[in-house]
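Notes to accompany the following structure.
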There are 2 protein chains.
Amino acid sequence: MDEAPPAPVPAADARGSVTLHDVAREAGVSIATASRALNGSARNVRTENASRVRAAAAKLDYRPHPSAQAVARGSTPTVALVVGDVADPYFSAIAAGVTQAAEAAGLVVTMAVAGRSPQRELELVRTLRGQRPRVIVLAGTRIDGTTASTAPKDGRAVDGAAASAAPGDGRAVGGTDTRGALVGELEEYQAAGGRVVMVSQRDLPFDTVTIDNTGGAHRLARALAGAGYRRFAVFRASESVRTSRDRVAGFTAGLRAAGISLDDRFVIETEFTRGGGYEAARKLAERGADEVEIVFAVSDVMAIGAMTAFRDAGLVPGEDIAVAGFDDIDSAIDVTPALTSVAVPLREAGQEAMRLALGGGPAPDAVQISTRVVLRESTPARR
Amino acid sequence: MDEAPPAPVPAADARGSVTLHDVAREAGVSIATASRALNGSARNVRTENASRVRAAAAKLDYRPHPSAQAVARGSTPTVALVVGDVADPYFSAIAAGVTQAAEAAGLVVTMAVAGRSPQRELELVRTLRGQRPRVIVLAGTRIDGTTASTAPKDGRAVDGAAASAAPGDGRAVGGTDTRGALVGELEEYQAAGGRVVMVSQRDLPFDTVTIDNTGGAHRLARALAGAGYRRFAVFRASESVRTSRDRVAGFTAGLRAAGISLDDRFVIETEFTRGGGYEAARKLAERGADEVEIVFAVSDVMAIGAMTAFRDAGLVPGEDIAVAGFDDIDSAIDVTPALTSVAVPLREAGQEAMRLALGGGPAPDAVQISTRVVLRESTPARR
DNA sequence: TTGAAAGCGCTACCAG
DNA sequence: CTGGTAGCGCTTTCAA
């Protein structure tokens, strides 16, 4: 059985799929040549043979076996994408961009959903790593890794420490240092030749695509100030939500630049959801919103919830009280009045992530996706 | 080199990843035993050895190589999902369901986006098949495969013929019989042991999860008739859009059951988009909507566009003219007035698809996802 | 330019 | 219950 040329080929045939072996035989060449002709990088195959092989492949309807190629080559032509929730338009837009760019590069996307759990995210990365993807993209994780209460001011320092500690024994790390374990995991992967890209998460030693939340909010504030607004309220999410924090910071700075200060009494912390926006608006309306001309909610869904709440409380959004949001989700133009917002090109962010991953040099790179203020009827100019 | 026990093991070590080989050595057992202990189905390994192996694996931070397992076993623990567009809430909801169920079953999801092109869909399926996934889920393809103009009445006949013709030389088939080629491709895959599930596409010889568009529309019509409406208009998409066709059919039947007939003059064909709804409503308002009490748009996005158009034309939705949609997308409750619609549990549809795929018997099965009418302020009761 | 053959990491069959 | 050992389908030296 070690030197019997009459190989028991039927195996492959019986299983149904055509292998490179079959193609080679059909073309009358060695399987090495067939391999080179079909997938070899160098063009060191006589043209005639090459076409014979291609013909045979076509005739037999041959399809390469990615897994076999993967095990032979050591990596898979895939990009692993981890999102918080596919059904969330925020993530699905990013996913769309990533997918599009990946396909253009001939890579298939494998997607995993982390929910909102960092723990789950870590597990996923571990699993995905096993697949030896060419690149891993982590999108979202809207919640900060550095818990506001425990982390020192400089996130970077923590990362560094955690990173060097984790590799030794990732699973020894308690549930507490999920972030460190994640970083360690990713660094090992990167060290083994993988590319890591984060979308909208900073402070990590990887390629990153950030959204210009701060700048967008800053410009929005100035635009609103320019439209004549002076007395603002802000609906924000918890301190631990990085996105919210940045937007509030940018907005506040923008107001300040316009010579306006924000009254702390009107900065309301609530859930980062439609319900949260509704609730905050309800409370504000209840205690009397007379002193407020306009509210800035850190996300459109919150803003939309707020508009409904105001309406329920007898205030007409856009007339009695102006409202502005952030994200410029599709329904921003469907609500009444149309919502002023800051457009965030999420899809581009996804594409940009792939660009970084594919073209990237050895050093962690970073690009920022810029945002654009869109004024609509929910914030009519005051004069 | 054929009998040299001092194997040049460094190779694996140098590449960075720990292999089963290493684990076996560390545990002092054969790699066969290690394999069994870690991934073997039967528990025919002495408990002590099993734990030694597990310990070694943990210590070395071993991760199995899915591709290697795949090539050895002949299939991958993945489900390939083809959607029209991830960013579309319709598809992303289905994708969420599929992903969730797949993960619960220990399968990873690889996602591909077909855009609206059947041609692209075919290519994708070809590629995906190469990956030897355990199951392939085709979601959406809202456009009919059977072009209304060219297809015989009985779709099944066409499929059968095309299916037997395709295998021989799939790529010889012109652009015209994309559908046949697709069916052929999927049938081969299925014959080789793969599971195929379609979501919301009927008439194909595969497991299918359908949405009860007809029934939902039927019930909606009766509910609206019950609320006192008599003079209806319908905004529909092109004949070739199956979903639209079914919804209109169900709606019409529902009206008929309530003794109401639909005036053809008020059945307007338009794009299956927000813009389409806007346009249709604009036209209707222009030529005078006095004769119409309520319009049913075959999708929420169309309905929402229509509401805006009515408002722009000086008609107050919910007062001057009622509006109802279909899908119950999130923003249905954010618009003013809140939109009456038919809830479609897309996420469940996705999960159901996986259930079919995993538990399915040999014969093509089919389940229907039921829909639920949700009456809101956009269609106040008339009395 | 080509073919033989040595793997890639893992599974599964076959003797013990 | 265990170890040896053929593969799985493909890539990639290494000589020829």
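We use all heavy atoms of the structure for the numbers below, so side chains are in, but hydrogens, waters and symmetry mates are not.
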*Considering only heavy atoms and no angle criterion, is a donor-acceptor pair shorter than 3.5 Å present between the side chain of A:Arg63 and the base of D:dG9?*
no
*Nearest-nucleotide wise, let me know which of A:Ser67 and B:Ala50 is further upstream toward the 5' end of DNA chain D.*
B:Ala50
*Would you kindly compare A:Val71 and B:Ala32 by the position of their nearest DNA chain D nucleotide and give the one closer to the 5′ end?*
B:Ala32
In whole angstrom, give the distance that lies between atom [atom1] of [X] and atom [atom2] of [N].
X	N	atom1	atom2	value
A:Gln131	C:dG9	CD	P	17 Å
A:Gln69	C:dG7	CD	C1'	16 Å
A:His65	C:dT11	NE2	P	14 Å
A:His21	C:dA4	NE2	P	11 Å
A:Tyr62	D:dG9	OH	P	10 Å
B:Arg25	D:dT2	CZ	P	20 Å
B:Asp22	C:dG9	CG	P	9 Å
B:Arg73	D:dG9	CZ	C1'	16 Å

Using the side-chain heavy atoms of [X], tell me which of these nucleotides is nearest: [options].
X	options	result
B:Arg36	C:dG9, D:dC10, D:dT2	D:dT2
A:Ala72	D:dT12, C:dC8, C:dC10	C:dC8
A:Ile31	C:dG9, D:dC10, D:dT2	D:dC10

Can you tell me if the side-chain N/O atoms of [X] get under 4.0 Å from OP1 or OP2 in [N]?
X	N	result
B:Ser30	D:dT2	no
B:Asn49	D:dT2	yes
B:Arg46	D:dC1	no
A:Thr33	C:dG3	yes
A:Asn39	D:dT11	yes
B:Ser35	C:dC10	no

*asked:* Can you tell whether the side chains of A:Glu352 and A:Arg355 come within less than 4.0 Å, N to carboxylate O?
replied: yes
*State, without any angle test, whether A:Ser75 and A:Arg134 hold a side-chain donor-acceptor pair at a distance under 3.5 Å.*
yes
*After noting the C-alpha distance and the side-chain angles of B:Tyr189 and B:Arg195, does the key distance pass the side-chain contact (heavy atoms from CB on, under 4.5 Å) rule?*
CA-CA 8 Å; B:Tyr189 168 72; B:Arg195 306 279 320 176; 5.6 Å; no
*Checking side-chain contact (heavy atoms from CB on, under 4.5 Å) for the pair B:Val137/B:Val109: CA distance, chi angles, key distance, verdict?*
CA-CA 10 Å; B:Val137 177; B:Val109 177; over 6 Å; no
*Check against side-chain contact (heavy atoms from CB on, under 4.5 Å), B:Glu121 and B:Val82*: CA-CA 8 Å; B:Glu121 187 172 38; B:Val82 180; 4.3 Å; yes
